[in-house]
Peer 1: 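Submitted below is the structure of interest, expressed as structure tokens.
This chain uses plain numbering: 1 for the first residue, then up along the sequence.
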Amino acid sequence: MSNHLFDGLFSQHNPEAILAKLPDGRSYSYQGAIETSARFAHVLAGFGIQKGDRVAVQVPKSIEAALLYIACVRLGAIFLPLNTAYTPAEIAYFLGDATPALFVCDPAKADVMRDVATTAKARFETMGVLSSNNPDAGSFITAAKSADTDFQNASCAPDDLAAILYTSGTTGRSKGAMLSHDNLLSNALTLKDHWRFTSDDVLLHALPIFHTHGLFVAINATLAAGSSMIFLPAFDLDSIIHYLPSSSVMMGVPTFYTRLLSDARFTKDLVSHMRLFISGSAPLLAETHNQFEALTGQKILERYGMTETNMNTSNPYDGARRAGTVGFPLPGVEVQICDPETGAQLADEEIGILEVRGPNVFVGYWQMPEKTAEELRENGFFITGDLAKKDTDGYIHIVGRSKDLIISGGYNIYPKEVELALDDEAGVLESAVIGVPHPDFGEAVVAVIVPESDDFDPAQALENVKEKLARFKQPKRLEIIDALPRNTMGKVQKNILRDRYQESFQ
């Protein structure tokens, strides 16, 4: 029987090749991964999990957690990874919404999560790692140790669901994006080709795997190419520097690169053998891009994707990787930039809502038909909610989220433009620009600044940007903060800043 995603990721590879090397000294070959995922699939089946059932998972990053995803694919179950930082109250929402047949959690959280699963009427199991010296491997691993290493995969068509990933939920309820076997496989094959992955590559994997970046972009692209991974539990600067000489590719979020640049051990010689550095999940500052190139001689490749679509655009592998842009649409992906009111396509250099269409675009939102209809057009284009423009050379620039648009005195203000002006100022490490209620203008521009040092002069910075920005774009206030609030993937959480400063002009 054909299993669209599993067959597409595993059918062509040398079974003896190494898939993952782990910092504890263990490793998994491709054959070992197939056998372990078979054990896991048998355990799932033994628990009564059937094709189409949801399997919710909140466990620390491990190769076993990744292979549980593969086991779900093989069984035809729908994998639902959950952020390890979510509290029991947050988990209760996801389990209540997705109604999974099974919830797998960290053994260390069993006492607080068992009741949550019971309330949601989900079977409850715990999962650690499959190693002989692990004193608390959990009930799932214990069951897997005696399971068969051969499994007859469920028949799964391209349109069958493989995963549900919940959006970050910075406004309103988190939405469950339904991703099909072909959504994931088509994107993995495209990225493999576009980024020139081969079986000779070794990916340094330090991303979380409850998110599309670490789970689907990194792991699926590796599997599609028959590459290897050095699979780290998290980003640790010492570990990254230790393993870079053994790697050929690294995927990261912008903070990975800023932290590397701050360490004297990170040198051109250390990475002279590296083939590719990729950044995503949050905007990469042009300054970081330029500093990285000046130090290493290599240009970071920035790309753009979403939970609902996986990857949409990428700077070129060959050709100019332009700082501040996310490149061109990937092969097979269409993009258009439209007027948010009329839906009409806009000309180059005009800012509008970015829409995408392609085999990577999700099926819809779980149990939210009205929201799906709002954001997925009948012609297949997905309204991303991201404000963007296309320059005359065809490069896509992401300038913010539509919900972050500031309307002050009837004028539209794009925060990114103000942030770029502020970031160029001496003494500014980074900035975030928000709109807050104002009695005269409706909204006013507030700039939140992380300074490089205590002697930063905010009044002078405000005076300087007056030369760069029209008066209606200029910040009415400037607030100093030690660090911008970010989510686990490094995105600035402007909703938190808006809440904090919403009474600035009251």
Side-chain angles (χ1 to χ4, degrees), residues 3-10 37 40-41 44 49-59 61-84 86 91 94-95 97-105 122 127 153-169 174-191 207-224 281 305-312 358-368 372 376 382 488-489:
N3 184 291
H4 186 70
L5 180 55
F6 182 85
D7 292 346
L9 294 179
F10 278 93
S37 65
F40 290 175
L44 293 172
I49 308 303
Q50 301 177 14
K51 181 179 177 180
D53 284 343
R54 276 77 61 207
V55 175
V57 179
Q58 190 199 35
V59 297
K61 180 182 176 182
S62 69
I63 193 64
E64 287 79 13
L67 294 177
L68 179 55
Y69 150 60
I70 299 299
C72 288
V73 170
R74 299 185 71 172
L75 188 63
I78 300 168
F79 190 66
L80 173 56
L82 295 169
N83 191 321
T84 52
Y86 285 149
I91 293 296
F94 296 116
L95 299 191
D97 189 62
T99 60
L102 172 67
F103 174 47
V104 182
C105 92
M127 182 179 188
N153 293 342
S155 178
C156 292
D159 291 341
D160 285 335
L161 290 188
I164 295 176
L165 264 62
Y166 277 85
T167 58
S168 56
S174 290
K175 306 183 293 291
M178 299 185 289
L179 297 161
S180 72
H181 278 240
D182 199 52
N183 289 153
L184 301 184
L185 181 59
S186 64
N187 209 233
L189 297 175
T190 295
L191 296 177
L207 294 159
I209 59 171
F210 51 73
H211 187 274
T212 191
H213 191 172
L215 183 62
F216 297 143
V217 179
I219 293 177
N220 284 355
T222 297
L223 292 171
S281 294
M306 299 183 71
T307 300
E308 292 93 338
T309 63
N310 295 304
M311 296 303 101
N312 298 307
N360 57 310
V361 174
F362 75 136
V363 176
Y365 293 114
W366 174 257
Q367 294 187 324
M368 288 186 173
T372 299
L376 263 178
F382 171 57
T488 54
M489 297 308 295

Peer 1: Any chance you could measure F362, atom CZ, to L376, atom CG, to the nearest 0.5 Å?
Peer 2: 4.5 Å

Peer 1: Of the non-hydrogen atoms in G214 and I219, which two are nearest, and what is the gap between them?
Peer 2: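 Looking at all heavy atoms of both residues, the shortest contact is O-CG1, 3.4 Å.
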
Peer 1: Does H181 reach the main-chain N or O of L5 with its side chain, forming a donor-acceptor pair under 3.5 Å?
Peer 2: yes

Peer 1: So, for T222 and A218, which heavy atoms are closest and what is the spacing to 0.1 Å?
Peer 2: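 Scanning both residues, the minimum pair turns out to be OG1-O, 2.8 Å.
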
Peer 1: Are side-chain heavy atoms of V59 and V104 found at a separation under 4.5 Å?
Peer 2: yes

Peer 1: Does some side-chain heavy atom of C156 sit less than 4.5 Å from a side-chain heavy atom of N3?
Peer 2: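 In short, these two side chains touch, coming nearer than 4.5 Å.
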
Peer 1: So which atom in E308 and which in A177 form the shortest heavy-atom distance, rounded to 0.1 Å?
Peer 2: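 Closest pair (atom of E308, atom of A177, distance): CG-CB, 3.9 Å.
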
Peer 1: Minimum heavy-atom separation for S37 to A71, with atom names?
Peer 2: O-CB, 3.4 Å

Peer 1: Test side-chain contact (heavy atoms from CB on, under 4.5 Å) on F10 and R74; report intermediate values, then the result.
Peer 2: CA-CA 11 Å; F10 278 93; R74 299 185 71 172; over 6 Å; no

Peer 1: Answer yes if the side chains of N183 and S180 hold a donor-acceptor pair under 3.5 Å, and no otherwise.
Peer 2: yes

Peer 1: Is there side-chain contact between L185 and D7, with at least one heavy-atom pair below 4.5 Å?
Peer 2: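 The answer is no, as the side chains (C-beta and beyond) never meet within the 4.5 Å cut-off.
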
Peer 1: Is the shortest side-chain heavy-atom distance between T372 and K175 below 4.5 Å?
Peer 2: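 They are not in side-chain contact.
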
Peer 1: Relative to the ring of Y365, is the ring of F382 parallel (under 30°), tilted (30 to 60°) or perpendicular (over 60°)?
Peer 2: perpendicular

Peer 1: Any side-chain heavy-atom pair from M311 and F216 closer than 4.5 angstrom?
Peer 2: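 The answer is no; the side chains never approach within 4.5 Å.
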
Peer 1: Measuring only between side-chain heavy atoms, which start at C-beta, is L44 closer than 4.5 Å to L68?
Peer 2: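 Contact flag for L44/L68 side chains = yes.
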
Peer 1: If you round to the nearest 0.5 Å, how far is CG of L191 from CG of N220?
Peer 2: 9.0 Å

Peer 1: Looking only at heavy atoms, which two atoms of A122 and P100 are closest? And how far apart?
Peer 2: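 Scanning both residues, the minimum pair turns out to be CB-O, 3.4 Å.
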
Peer 1: Can you measure from CG (L179) to OG1 (T307) and round to the nearest 0.5 angstrom?
Peer 2: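 Reported value, rounded in 0.5 Å steps: 8.5 Å.
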
Peer 1: In terms of relative ring orientation, are F79 and Y69 parallel, tilted or perpendicular, with 30° and 60° separating the classes?
Peer 2: tilted

Peer 1: Once you round to the nearest 0.5 Å, how far does NZ of K51 lie from CG of D160?
Peer 2: 4.0 Å

Peer 1: Where do M306 and T167 land on the side-chain contact (heavy atoms from CB on, under 4.5 Å) test, with the steps shown first?
Peer 2: CA-CA 9 Å; M306 299 183 71; T167 58; over 6 Å; no

Peer 1: With the side chain counted from C-beta on, respond yes when Y166 and L80 share a heavy-atom pair under 4.5 Å apart, and no when they do not.
Peer 2: yes

Peer 1: What pair of heavy atoms forms the shortest contact from A66 to I209, and how long is it?
Peer 2: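 Looking at all heavy atoms of both residues, the closest pair is N-CD1, 3.9 Å.
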
Peer 1: Out of T190, N312, D182, which residue meets the side-chain hydrogen bond (donor to acceptor under 3.5 Å, both in side chains) rule with N360?
Peer 2: N312

Peer 1: At what distance, to the nearest 0.5 angstrom, does CG of L95 lie from CZ of R54?
Peer 2: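 Going from CG on L95 over to CZ on R54, the span is 11.5 Å.
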
Peer 1: How long is the straight-line distance from CD1 of I63 back to CG of L67, given to the nearest 0.5 Å?
Peer 2: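 Rounded to the nearest 0.5 Å, the CG-CD1 separation comes out at 5.0 Å.
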
Peer 1: Do the non-hydrogen side-chain atoms of F94 and Q58 ever get within less than 4.5 Å of each other?
Peer 2: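 Contact flag for F94/Q58 side chains = no.
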
